[in-house]
Amino acid sequence: MGISSKAEGPSTPALRRDPYEVLSVSRDSTDQEIKTAYRKLALKYHPDKNVGNPEATELFKEVAYSYNILSDPEKRRQYDTAGFEAIDVEGSDMEIDLSNLGTVNTMFAALFSKLGVPIKTAISAIVLEEALNGTVTIRPLPIGTSVSGKVDKQCAHFFGVTINEQQAAAGIVVRVTSTAQSKFKLLYFEQDTNGGYGLALQEDSEKTGKVTSIGMYFLHFQVYKMDSTVNALAIAKDPEAAFFKRLEGLQPCEVSELKAGTHIFAVYGDNFFKPATYTIEAICSKSYEETTKKLKEIEAQILTKRNELRQFEIEYRKALARFQEVTNRYAQEKQSVDELLKHRDIVHSSFTVCRPANHNDTGLGNGKVDDSKAYTSGEDGGSDGKEKPTKKKWFNLNLRSDKKLG
């Protein structure tokens with residue numbers, strides 16, 4: 001698609017190159033291949049590892065921008081169809097690195113998050129590099145057990161979950177909860193060729209009731225995660241459309257099953273200032289067959305409902321446009337009727353010889369009659385036209401100022 005120039009901003013590079021070229025992936029690459037390429041390049045050009053290197057900063061921005069397009073199925077389809085011109089990326093949901101924000105900006109980010117504005121945060125490059133080098137401490141998390149802990153902000157606790165063939169076939173669930181409503185991420189790492197661990201999946205905690213929680217479900221069928229930033233952007237752009245976009249935040253999880261062996265998970269502290277308290281547990285779904293069945297059914301129902309909402313939105317938009325058209329017609333017709341009735345009253349009042357006095361009239365011409373002199377006898381004057389002296393009222397006392405009252 002070539003290179004496109006765009007005004008430099010906090011979320012877009014100065015020059016936009018083909019996202020596939022930036023991430024060094026082919027156009028038929030899978031979502032997982034794109035994510036893996038992004039993680040490696042983001043780690044390579046991360047500002048933490050390239051302090052004082054503006055070129056690396058620009059490359060990091062370019063990598064993040066490209067991934068923002070290719071990780072979104074709709075944006076990827078639009079770009080494949082018509083390039084950058086088809087993509088509206090203003091205000092797109094970019095990840096921020098808390099370690100580079102500074103105290104003041106971190107306070108602002110925390111405030112917005114408290115107000116309900118979803119803010120995506122990037123994982124610290126130090127954590128990713130330590131995992132990639134295989135220098136992290138991994139604690140065992142046996143199936144059917146839970147571990148509670150407290151992890152510092154921008155740090156991670158790593159756990160190894162070992163499963164056998166039967167457990168892998170049944171399905172595995174790893175969940176993290178926090179009764180303190182801490183913010184955290186659940187990370188899943190895959191074994192890298194150099195012996196370390198590369199980040200494969202990440203989920204952000206969501207508030208549900210009085211707790212925050214997140215889970216990864218490896219149940220041999222497609223389970224979806226909810227991206228709350230999609231709803232936030234929809235509300236900002238069009239509050240009326242927010243309901244219809246509510247299910248658009250559903251994103252398919254890239255991994256739906258695990259093989260027998262040891263798998264590495266981590267709880268990453270995502271609070272802005274304080275450590276995150278958590279409880280992590282690993283469960284085999286064989287003990288929850290009925291619950292697994294219900295989850296599969298509800299996932300299918302939600303997908304069906306999302307398609308129904310997309311169709312209903314079209315119908316709603318048409319009906320809303322028609323309603324607005326009829327409402328405008330109503331206002332116009334009401335005004336027209338009011339004006340006709342007013343004009344009718346004016347015409348009716350014209351059928352009279354006794355018209356209201358016009359203060360501008362000074363004569364009696366044009367057939368007009370001076371009402372004040374229409375009758376010259378009876379009340380105040382005689383038939384001869386002479387005026388009678390005005391009688392003084394009893395209270396009209398003529399008191400002289402030179403007389404003193406005793």
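If you read the sequence from its start, that first residue is 1, and numbering goes on from there.
Between Arg175 and Ser213, the closest side-chain pair of non-hydrogen atoms falls below 4.5 Å. In this structure, Thr212 and Lys183 have side chains that are not in contact, with every pair of non-hydrogen atoms separated by 4.5 Å or more. Between Gln154 and Tyr268 there is a side-chain heavy-atom pair separated by less than 4.5 Å. Phe244 places none of its side-chain heavy atoms less than 4.5 Å from the side chain of Arg310. Under the 4.5 Å side-chain criterion, counting only non-hydrogen atoms from C-beta, Val127 is in contact with Phe158. Side-chain contact between Tyr38 and Ser71 is absent, with no heavy-atom pair separated by less than 4.5 Å.
Here the closest heavy-atom approach between residue Ser182 and residue Pro275 is recorded as OG-O, 4.3 Å. Between Thr292 and Ser285, the shortest heavy-atom contact is OG1-CB, 3.5 Å. Considering all non-hydrogen atoms of both residues, Thr277 and Ala180 come closest at OG1-CB, 3.3 Å. Closest non-hydrogen pair, Val176 versus Leu186, comes out as CG2-CD1, 3.8 Å. What you find for Gln32 and Ala200 is that their closest heavy atoms are NE2-O, 3.8 Å. Taking all atoms of both residues into account, the shortest heavy-atom contact from Thr179 to Val211 is CA-CG1, 4.0 Å.
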Next item on the list: Test Ile214 against Asp204 for side chain to side chain contact (heavy atoms under 4.5 Å, CB included), laying out the working first.
Entry: CA-CA 7 Å; Ile214 196 62; Asp204 291 83; 5.9 Å; no
Note to self: Apply side chain to side chain contact (heavy atoms under 4.5 Å, CB included) to residues Ile298 and Lys294 and explain how you reach the verdict.
What the structure shows: CA-CA 6 Å; Ile298 197 70; Lys294 289 181 180 179; over 6 Å; no
Check: Yes or no on side chain to side chain contact (heavy atoms under 4.5 Å, CB included) for Glu62 and Leu41, after CA distance, side-chain angles and deciding distance?
Finding: CA-CA 10 Å; Glu62 187 178 41; Leu41 290 172; over 6 Å; no
Check: Would Arg322 and Glu325 count as a salt bridge (Lys or Arg N to Asp or Glu O under 4.0 Å) if you check the C-alpha gap in whole Å, the side-chain angles of each, and the deciding distance to 0.1 Å?
Finding: CA-CA 5 Å; Arg322 177 59 181 162; Glu325 179 184 344; 3.1 Å; yes
Check: Between Phe221 and Leu295, is a side chain to side chain contact (heavy atoms under 4.5 Å, CB included) present by the stated rule, with each step listed?
Finding: CA-CA 10 Å; Phe221 60 84; Leu295 177 60; 4.3 Å; yes
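The residues Glu313 and Arg317 are annotated as salt-bridged, a charged nitrogen and a carboxylate oxygen being separated by less than 4.0 angstrom. Using a 4.0 Å cut-off between charged nitrogen and carboxylate oxygen, Lys318 and Glu315 do not count as a salt-bridge pair. Electrostatic pairing of Lys334 and Asp338 counts as a salt bridge here, judged by a charged N lying under 4.0 Å from a carboxylate O. A salt bridge links Lys305 with Glu308; the closest basic N to acidic carboxylate O contact falls under 4.0 Å.
Here the straight-line distance linking atom OG1 of Thr327 with atom CD of Gln332 works out to 11.0 Å at 0.5 Å rounding. Residue Arg329 holds its CZ atom at 9.5 Å from OG of Ser336, rounded to the nearest 0.5 Å. Here CG of Leu340 is found 10.5 Å from CD of Gln335. Values are rounded to the nearest 0.5 Å.
The aromatic rings of Phe312 and Tyr316 are tilted relative to each other, their planes meeting at an angle between 30° and 60°.
Checked by atom type and distance alone, the side chain of His157 never pairs as donor or acceptor with a backbone atom of Asp152 at under 3.5 Å. With hydrogens and angles ignored, the 3.5 Å screen pairs a side-chain donor or acceptor of Gln167 with a backbone N or O of Asn164. With hydrogens and angles ignored, the 3.5 Å screen pairs no side-chain donor or acceptor of Thr36 with any backbone N or O of Glu33. Not one N or O on the side chain of Asn68 forms a donor-acceptor pair closer than 3.5 Å with the backbone of Ala64. The backbone N or O of Phe184 lies less than 3.5 Å from a partner atom in the side chain of Ser205, making a donor-acceptor pair.
Among His263, Gln202, Glu203, the single residue meeting the side chain to side chain donor-acceptor pair (under 3.5 Å) criterion with Tyr188 is His263.
In the displayed structure, Glu55 atom CD is contacted under 6.0 Å by at most 12 heavy atoms of other residues, nucleotides or ligands. More than 12 non-hydrogen atoms from other residues, nucleotides or ligands lie less than 6.0 angstrom from NZ of Lys225. The 12-atom threshold is not exceeded at CD of Glu165, counting heavy atoms of other residues, nucleotides or ligands nearer than 6.0 Å. Counting non-hydrogen atoms of neighbouring residues, nucleotides and ligands closer than 6.0 angstrom, the CG atom of Leu250 exceeds 12 such neighbours.
Taking the six-membered ring for Trp and the full ring otherwise, the centers of Tyr197 and Phe189 sit at least 6.0 Å from each other.
Under the side chain to side chain contact (heavy atoms under 4.5 Å, CB included) criterion, Pro252 pairs with Gln222, Tyr224, sequence neighbours left out. Taking the side chain to side chain donor-acceptor pair (under 3.5 Å) definition, one finds that Ser26 meets it with Asp28, Ser29, sequence neighbours left out.
There is a side-chain donor-acceptor pair under 3.5 Å between Arg76 and Tyr20. In this structure, a donor-acceptor pair under 3.5 Å is absent between the side chains of Asn53 and Tyr45.
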